[in-house]
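On a predicted model such as this, the values are computed, not experimentally measured, just so you know. Along the sequence shown, the residues carry numbers beginning at 1.
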Amino acid sequence: MISAKVLDAKGLACPMPIVKTKKAMDQVNSNEILEVHATDKGAKNDLAAWAKSGGHEIIKSTEENDVLKFWIKKA
């Protein structure tokens with residue numbers, strides 16, 4: 001999966017991963033994929049709700065070594 005941009009939000013507590021994701025999403029074009037890496041467990045629900053409210057789609061999410069990774073397709 002090719003990401004247009006990778007956002008490193010590791011070590012950030014809520015709501016910073018969402019704030020940074022929103023800013024990064026403004027820098028990618030429609031239908032491009034933003035890859036987000038976070039360590040805040042709350043990011044899973046927060047990003048899902050944020051993506052849904054903005055019409056974006058989480059294509060894939062994984063967890064490796066306590067790092068949550070999300071691939072979000074911009075609406």
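Contact check on Lys69 versus Glu64 returns a salt bridge, with a Lys/Arg side-chain nitrogen under 4.0 Å from an Asp/Glu carboxylate oxygen.
Atom NZ of Lys10 is surrounded by more than 12 heavy atoms from other residues, nucleotides or ligands within 6.0 Å.
Residues Ala48 and Ile58 approach most closely at CA-CD1, 3.7 Å, considering heavy atoms. Of all non-hydrogen atoms in Phe70 and Ser61, the two that sit nearest each other are CD2-CB, 3.6 Å. Contact detail for Lys73 and Asn31: the closest heavy-atom pair is CE-OD1, 3.5 Å. Smallest separation of non-hydrogen atoms from Val36 and Ile72: CG2-CD1, 4.1 Å. Considering every non-hydrogen atom in both Gly55 and Ala75, the closest pair reads O-CB, 3.2 Å. Residues Thr39 and Gly11 come closest through the heavy atom pair OG1-N, 2.7 Å.
Of the possible donor and acceptor atoms, one in the side chain of Lys74 sits under 3.5 Å from a partner among the backbone N and O of Met25. With Asp40 contributing its side chain and Cys14 its backbone, the two residues share a donor-acceptor pair below 3.5 Å.
With sequence neighbours excluded, the residues satisfying side chain to side chain contact (heavy atoms under 4.5 Å, CB included) with Lys60 are Met1, Thr62, Trp71. Take Glu32 and apply the side chain to side chain contact (heavy atoms under 4.5 Å, CB included) test, not counting sequence neighbours, and it matches Ala4, Val28, Asn29. Scanning for side chain to side chain contact (heavy atoms under 4.5 Å, CB included) contacts around Lys20 gives Leu7, Leu12, Met16, with sequence neighbours left out.
Looking only at side-chain heavy atoms (C-beta outward), Asp66 and Lys41 come within less than 4.5 Å of each other.
One distance of note links CD1 of Ile18 with NZ of Lys23; it measures 13.5 Å at 0.5 Å rounding. Remark: Thr21 OG1 to Glu35 CD distance equals 11.5 Å, nearest 0.5 Å.
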